[in-house]
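Inspection log for the structure reproduced underneath, given as C-alpha cells.
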Amino acid sequence: MLRHFVAFVAISAVLIQSGCQPSKPKVASSPAIEKPPAAPTGAATPVSSTTTPTTSDKPVDVKPQSSAQGLPDKATSKAGTPKKQESAPPPPKPHPERIAILTPGGPLIVDVTLTIDGHPANEPFEKLIDGVLAAATSDKDKRPTWKALAANEEYLKEQQYGMPVRERDLKTWTDQYDHNHDGEIQRDEAAAWLGRAAGRKMRAFSLRSSRSYANVPSASSRIWKLLDTNGDGQLSAEELQQCAKTLLAFDDDNDGVVTAEEFETLRDLLLGDSQGSMGQRGVSRAAALYLEPNFAPDRLNYLLTDLYAPQQDLRPESFPALASVYKSLDVNGDGLLDQDEIAALKTEPPHLLIAVDFTTGTDKSPGKSTVRIYESLPAVSIAQQPVSDRLVVTLGSTRLVLMAEDLTNSLAPAQSAAASEIRLMVHDNCDSLCELLDADADGRLGEREISTAAKTLSAYDTNHDGILQSSELPYTMIVAFLRGERPEEDSFYRPRSAAARSAPAGTPDWFLRADFNGDGDVSRREFLGTSEQFSKLDTNGDGFISAAEAATAK
C-alpha cells in the first residue's frame with residue numbers, strides 16, 4: 001500500500017514539474033456568432049438571465065473571435081447566447097468604447113472595438129502626438145517645449161504650416177494651448193494644438209449626436225411629401241401604387257437609380273429655403289452618450305431622466321423596448337431607478353457588442369471598412385447586412401442603420417492628421433421612408449428597391465386598413481463610424497457609401513458588365529439579350545437577374 005502511495009506521489013510530481021494539467025472539456029463549436037472581445041474593465045463578463053445576449057436568426061456577415069481575452073470557456077445555452085466558431089481570426093485587442101444610444105425604447109448600451117488595419121485605432125493618433133512631442137524636443141532642453149516646436153521649420157512645413165512662426169504666433173499658441181503655462185507641451189496640449197484649424201481638440205475617438213423631439217415622417221420625409229399627392233398626411237393604396245413612377249420621375253440621368261443628389265433640388269422646392277436643410281429641424285436632445293470611465297453618474301441620471309421621464313422617476317414603462325434591462329438595473333426591486341442603479345449602465349454587460357475595422361486605401365482605391373456584430377440582447381434583431389460596411393438592427397419600433405465609412409481619400413494634404421481620428425455620428429436627421437426603401441443601406445434607391453417600393457411600404461400598414469399612417473412607420477437613427485472626416489465638419493448628415501458593391505464569388509463577367517448602374521441586379525433594360533433569354537435567367541420571375549441567378553446559369 002505504501003509503495004502504491006509513493007508511486008502516485010512521484011508520478012504527480014513529474015506531471016506538475018512538466019506543466020501538465022488536466023484537460024478541460026472542449027467547447028462545442030457552432031456556426032453561430034462567436035464570443036465577443038473582452039468586456040470593459042469593471043464590467044461583469046457573465047451575463048444574467050434577464051440580459052442574456054443572443055444572435056439573430058437572419059444571416060449576418062459576422063466573423064468569429066477566439067475566447068482568449070478572459071471570456072468564459074463554457075458553451076452557451078440554446079436560449080440564444082453566442083457560441084464559438086471553429087475557424088476564428090485573432091480577436092481585436094483594443095479596449096472597447098462604450099456608447100449609450102438613446103433610442104425611444106430605452107438606452108441601448110453598445111460596446112465597440114475600433115481598429116485601423118487590424119491594430120487598435122488609437123495607435124495612429126498616439127503616434128501623431130509622439131511626432132509633435134519629438135518635433136518640440138531640442139537637443140538642449142531634452143523636453144518638448146513650445147519654443148522648440150515654433151523653431152522646427154522642417155516639421156511645420158510637413159504639417160502644411162505655410163509661414164515661419166513669429167513671436168506673436170508663439171504667444172498665441174502658449175495662450176491657447178499651454179494649459180498649465182509651464183512652457184512645455186503635454187500630450188493633451190499637443191492634441192489641442194493639432195486641432196487648431198478646426199477650433200477643437202483632436203481625439204482618437206469622439207462622438208457627436210442630435211435627436212429631434214419628434215421625428216414625424218409626414219413632416220420630415222421628402223419621399224412622403226412626394227407620394228402624398230393630396231397632402232392629407234397619409235398614404236392611400238392608390239398613392240402607394242404610384243410609388244415607383246413617382247420616384248423614377250427624379251432619375252435625372254435615367255440610369256434607373258435615384259440618388260440623394262437627385263432629391264436635393266426637390267427638397268428646396270417642397271420645404272422652401274428656410275427649411276431646406278433637414279438639420280434645421282428642432283433638434284436639441286442628445287441621441288447618444290459616450291460613457292467614458294469618468295462620465296459622472298449624476299449627469300447620466302439627469303440626462304436619462306430628462307429624456308425618458310421628464311419631472312418623474314424612471315419606471316419600467318420608461319424603457320418599453322428594454323424591459324429586461326430595466327429589471328436588471330432595478331436591484332432593490334422597488335420599480336424605480338435611483339442614481340446608483342442607473343450608474344450600473346457604465347459597467348453592466350453590453351446590449352450590443354460590435355467591432356469596426358478600417359483598412360487604409362491607396363491613391364487608386366479608397367479605404368474599406370467592416371462592421372461586425374458579436375453579441376446582442378434578444379430584444380435586438382439584426383434586420384439585414386447587405387454588405388460588410390453597414391447593417392440594420394431593430395429595437396422595438398426603432399431601426400438603427402449602423403455603418404462605417406473611410407473618408408481619408410477626400411482629405412486635403414493639410415488635413416491628413418484627421419486620418420488618425422474616428423468620429424461617431426448618431427442622429428435621426430434622415431428621410432425615414434428612404435431608409436425603409438433602401439434595402440442595402442447604400443444611400444440611394446436602386447431599380448429593385450424602386451420597383452418593390454409599394455410592397456415594402458404596404459408591409460408597415462399594421463392595421464391593414466389600406467392606408468399608411470405616419471405613426472405606423474418605425475423611427476430611424478443613423479449610427480455612423482467615420483474615419484478621416486473633415487476636421488471642421490460638425491453637421492448631421494447621412495453618409496453615402498462610396499464603396500462599390502462587390503459581387504459574390506463566381507459571378508460571371510457578363511453580369512458585371514451588364515449591371516450598368518451598379519445596383520447589384522441586371523434589369524430587363526440593362527440586359528442586351530432577348531426577352532426569352534432574360535426570362536430563362538430570371539428563375540424566380542421577379543423581373544431582375546440577381547448575381548446568384550447569373551452564377552447558376554448554364
Side-chain angles (χ1 to χ4, degrees), residues 39-43 51 96-112 200-201 203 205-215 279 281-332 334-354 377 379-380 393 395-400 402 423-430 475-481 490-492:
T41 303
T51 58
E97 306 289 355
R98 173 155 288 203
I99 309 297
I101 300 179
L102 307 181
T103 76
L108 182 69
I109 303 302
V110 180
D111 278 5
V112 53
R200 63 172 184 83
K201 179 180 177 180
R203 300 177 185 273
F205 176 74
S206 60
L207 162 73
R208 72 177 184 274
S209 72
S210 179
R211 174 181 161 180
S212 62
Y213 278 90
N215 188 1
R281 292 183 292 135
V283 290
S284 60
R285 292 179 184 254
L289 304 174
Y290 181 17
L291 298 183
E292 299 180 88
N294 61 351
F295 197 102
D298 58 344
R299 181 170 176 244
L300 181 60
N301 178 54
Y302 169 78
L303 291 172
L304 294 188
T305 302
D306 180 60
L307 177 62
Y308 293 108
Q311 301 179 347
Q312 300 180 41
D313 294 314
L314 288 169
R315 300 178 180 275
E317 56 269 22
S318 302
F319 301 166
L322 293 170
S324 64
V325 171
Y326 188 98
K327 184 177 179 181
S328 68
L329 294 174
D330 186 15
V331 177
N332 60 14
D334 65 352
L336 302 173
L337 293 185
D338 59 34
Q339 180 171 303
D340 291 337
E341 290 172 328
I342 292 174
L345 287 172
K346 295 178 58 179
T347 56
E348 76 162 16
H351 310 153
L352 183 64
L353 185 54
I354 65 176
L377 285 178
V380 179
V393 300
L395 173 66
S397 60
T398 300
R399 296 175 79 253
L400 299 170
L402 279 67
R423 304 169 74 180
L424 172 59
M425 177 177 62
V426 182
H427 64 87
D428 61 1
N429 184 20
C430 59
Y475 171 77
T476 300
M477 300 180 75
I478 302 296
V479 182
F481 295 88
D490 62 357
S491 65
F492 296 96

Heavy-atom check, side chain of [X] versus side chain of [Y], under 4.5 Å:
X: R98; Y: P350; answer: yes
X: V112; Y: L352; answer: no
X: Y326; Y: E317; answer: no
X: P297; Y: D340; answer: no
X: L402; Y: I354; answer: yes
X: D330; Y: L337; answer: yes

If I take atom [atom1] from residue [X] and atom [atom2] from residue [Y], how far apart are they, to the nearest 0.5 angstrom?
X: H427; Y: S491; atom1: NE2; atom2: OG; answer: 8.5 Å
X: L207; Y: L289; atom1: CG; atom2: CG; answer: 7.5 Å
X: R299; Y: L304; atom1: CZ; atom2: CG; answer: 10.5 Å
X: M477; Y: C430; atom1: CE; atom2: SG; answer: 9.0 Å
X: I342; Y: L329; atom1: CD1; atom2: CG; answer: 8.0 Å
X: L102; Y: L307; atom1: CG; atom2: CG; answer: 6.0 Å

Looking at [X] and [Y], what are the two nearest heavy atoms and their distance?
X: L345; Y: H351; result: CD2-CE1, 4.4 Å
X: L314; Y: A309; result: CD2-CB, 4.0 Å
X: L300; Y: A343; result: CD2-CA, 4.3 Å
X: A321; Y: L395; result: O-CD1, 3.7 Å
X: A287; Y: S210; result: CB-O, 3.4 Å

Problem set entry | Verdict with supporting geometry, L377 and L322, side-chain contact (heavy atoms from CB on, under 4.5 Å) | CA-CA 9 Å; L377 285 178; L322 293 170; 4.0 Å; yes
Donor-acceptor contact present, side-chain [X] to main-chain [Y], <3.5 Å:
X: T305; Y: Y302; value: no
X: K346; Y: L291; value: no
X: S328; Y: V325; value: yes
X: E341; Y: D338; value: yes

For this session: Go through the steps for R315 and L336 under the test side-chain contact (heavy atoms from CB on, under 4.5 Å), then give the verdict.
Result: CA-CA 5 Å; R315 300 178 180 275; L336 302 173; 3.3 Å; yes
Exercise. Among I109, D111, V110, which one satisfies side-chain contact (heavy atoms from CB on, under 4.5 Å) with L353?
Worked result: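 The passing option is D111.
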Exercise. Stepwise, does the side-chain contact (heavy atoms from CB on, under 4.5 Å) test hold for I478 with V426?
Worked result: CA-CA 5 Å; I478 302 296; V426 182; over 6 Å; no
Exercise. Taking atom CZ of R208 as the centre, does the number of heavy atoms from other residues, nucleotides or ligands within less than 6.0 Å exceed 12?
Worked result: yes
Exercise. Can you list the residues that meet the salt bridge (Lys or Arg N to Asp or Glu O under 4.0 Å) rule with R399, with sequence neighbours excluded?
Worked result: none
Problem set entry | Sidechain N-carboxylate O distance under 4.0 Å for D428, R211 |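 Between R211 and D428 there is no salt bridge, as every charged N stays at least 4.0 Å from the carboxylate O atoms.
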Problem set entry | Centroid separation Y308 to F319 less than 6.0 Å |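 Yes; F319 has its ring centre under 6.0 Å from that of Y308.
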Exercise. Between L400 and T476, does a side-chain contact (heavy atoms from CB on, under 4.5 Å) hold up when you go through it step by step?
Worked result: CA-CA 6 Å; L400 299 170; T476 300; over 6 Å; no
Exercise. ring-ring contact (aromatic ring centres under 6.0 Å, His included) with F481: which residues, sequence neighbours excluded?
Worked result: none
